[in-house]
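Written out below as structure tokens is the structure these notes cover.
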Protein chains: 2
Amino acid sequence: MERRTADSLRDGIEQLIVSGEFGNGERLDEVRLAARFGVSRTPLREAFQMLAASGLVELIPRRGAFVRLPDLVAMFEMFEVMAELEAMCGRLAARRVTPAMLADIKAAAAACEAALEEGDSDRYYRENGVFHHLLYAASGNGFLAEEAERLHRRLKPFRRMQLRVRGRMRQSMAEHRDILQAIEDGDGARAADALRGHVAIQGERFNDLMASYDIAQRRAG
Amino acid sequence: MERRTADSLRDGIEQLIVSGEFGNGERLDEVRLAARFGVSRTPLREAFQMLAASGLVELIPRRGAFVRLPDLVAMFEMFEVMAELEAMCGRLAARRVTPAMLADIKAAAAACEAALEEGDSDRYYRENGVFHHLLYAASGNGFLAEEAERLHRRLKPFRRMQLRVRGRMRQSMAEHRDILQAIEDGDGARAADALRGHVAIQGERFNDLMASYDIAQRRAG
DNA sequence: GTCAATGGTTTTGTATACAAAAATACGCTT
DNA sequence: AAGCGTATTTTTGTATACAAAACCATTGAC
């Protein structure tokens, strides 16, 4: 709260929203927030613009800025799109990946494996992020990689809560192996399917997510 | 240029960029632009934020706002992603579309057909937008629909220039018929393939685009 | 001749002041 | 007492003023 660049303001407000201090639909008061962060309304309004662009708040002209947290349906929809974007990355990567990139992806998968053996879920979470990041890049489509990264970032809090489910880490790793093998074989369709299954929320995973979401909401509300 | 809401400002600047008055990499001078639009720097800077969110300008702290036009490669990549998003919409719509929505889509296709018969390319362009908009909604995934809309909007200027190619309008209409039929048959895979082909830039279409892009660039530079 | 330092100028970032619109409260009528 | 119209108060949107950083050009040192 001491620094006050445009970005840090955005992060600060984002934090307040995600932590549940501001509930869904609540109006963000410009003067109160400005006072709280020790800035004037001008930079605060610029931060609002950024948050609106990322979808976390809605800006209604002459009305104000309102918190817009995704509900369960919206979250499910976002994962559905994320699954398709990653599937596309996999499909393209299977055809376009260079040997050097493939080596990097293998290394990331190995790091995941190491984290799994250690039972270090924080590290697994981190290495998993690297794995996916490299996969996006391997698609050879820079724009796709950016978009995938953007959505990945937006889903971050929810993904984390999903990984806490018992046994999910081990299953996730098995799926990584499938994905990697399909890309190595140059089998785009199989890579795409594996990634769709890896990312999408389906079957019992849906129930798991619903349960953890309920808990998180209760804590926030 | 007489009205001056936040959105109209953004559109006005966007127009200046797309029309080529501001070349790629050029800095957008706050005071000059403010004077030109008859507003102060404050709303202008908010418009900059919006343009940065949509990727048309890059905001470098303490340096200013710079035009960032996609090059040919980036544009190709964007269309590749757009094709996949639309394919996904089609795949889902084939399963989820309601009779009422299907009727709306049919009506939009009919309007396109009418525009084609009249040879009214502006109207075709407009009705074509409606057709795609309805398709996004028919996916039953609100988030997907929003993302598709967003990218569609971003590609607007380039799509328009693509449609100017001789005979493209008639071919586009034929593809619409295929898409509609596949959705009506509930054949998700066929709808997806038809849409991928409809949107993606491939084969000679790539050369067409390259040519018109060259011309546009030359006019701008 | 090249490079670095320094002063002046431009330009961004932010605070504040003011105008217009929305929200709210109050009183009036029925 | 309920509903409507109006006055008051918030709150947003915008202009302007000012501070700080970046830019630029001139000058001086090596």
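Scope of the values below: all heavy atoms of this structure, side chains included, with no hydrogens, waters or symmetry mates. Lettering of chains follows the sequences in order, A, B, ..., and the numbering in each one begins at 1. This structure is a prediction, so every number in the text was calculated from the model and none was measured.
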- Query: In whole angstrom, what separates A:E30's CD from D:dG13's P?
  - Reply: 7 Å

- Does the side chain of B:I179 come within less than 4.5 Å of B:I105's, by heavy atoms? no

- By nearest-heavy-atom nucleotide on DNA chain C, the more 5' of B:T42 and B:D29 is B:D29

- What are the two closest heavy atoms between A:I13 and A:A47, and how far apart are they? CD1-CB, 4.0 Å

- Selection: residues 44-55 of chain B, any non-hydrogen atom under 4.0 Å of DNA chain C: B:R45

- Nucleotide-resolved protein contact map, nucleotides 18-23 of chain D, B/S/- at heavy-atom distance under 4.0 Å: ---SSS

- Task: Mind checking salt bridge (Lys or Arg N to Asp or Glu O under 4.0 Å) for B:E117 and listing every partner two or more places apart, or none if nothing turns up?
- Result: none

- Task: Classify the nucleic acid contact of B:R32 as base, sugar-phosphate or nothing, counting any heavy atom under 4.0 Å across all strands shown.
- Result: nothing

- Query: CG of B:L33 versus C1' of D:dT14: gap in Å, rounded?
  - Reply: 17 Å

Counting only pairs under 3.5 Å, give me each side-chain donor-acceptor contact of residues 84-91 of chain B, with atom names and distances, residues two or more places apart or in other chains.
unit_1, atom_1, unit_2, atom_2, d
B:E84, OE1, A:R91, NH2, 2.7
B:E84, OE1, B:R196, NH1, 2.9
B:E84, OE2, B:R196, NH1, 2.7
B:E86, OE1, B:H132, ND1, 2.7
B:E86, OE2, B:H132, ND1, 3.4
B:E86, OE2, B:Y136, OH, 2.6
B:R91, NH2, A:E84, OE1, 2.7

- Test of ring centre spacing under 6.0 Å for A:H152 and A:H133: no

- Item | Pairing residues for B:R153 by the side chain to side chain donor-acceptor pair (under 3.5 Å) criterion, not counting sequence neighbours | B:D11, B:E14

- Message: Output the rounded distance in Å from CG (A:L28) to C1' (D:dT10).
- Response: 17 Å

- Query: Within a strict 4.5 Å, meaning less than it, do heavy atoms of the A:L151 and B:F143 side chains meet?
  - Reply: yes

- side-chain hydrogen bond (donor to acceptor under 3.5 Å, both in side chains) pairs, two or more places apart, involving residues 50-64 of chain B: B:E58-B:R68

- Item | D:dA15 OP1/OP2 closer than 4.0 Å to side-chain N/O of B:S40 | yes

- Between C:dA22 (C1') and A:I60 (CD1): distance, integer Å: 13 Å

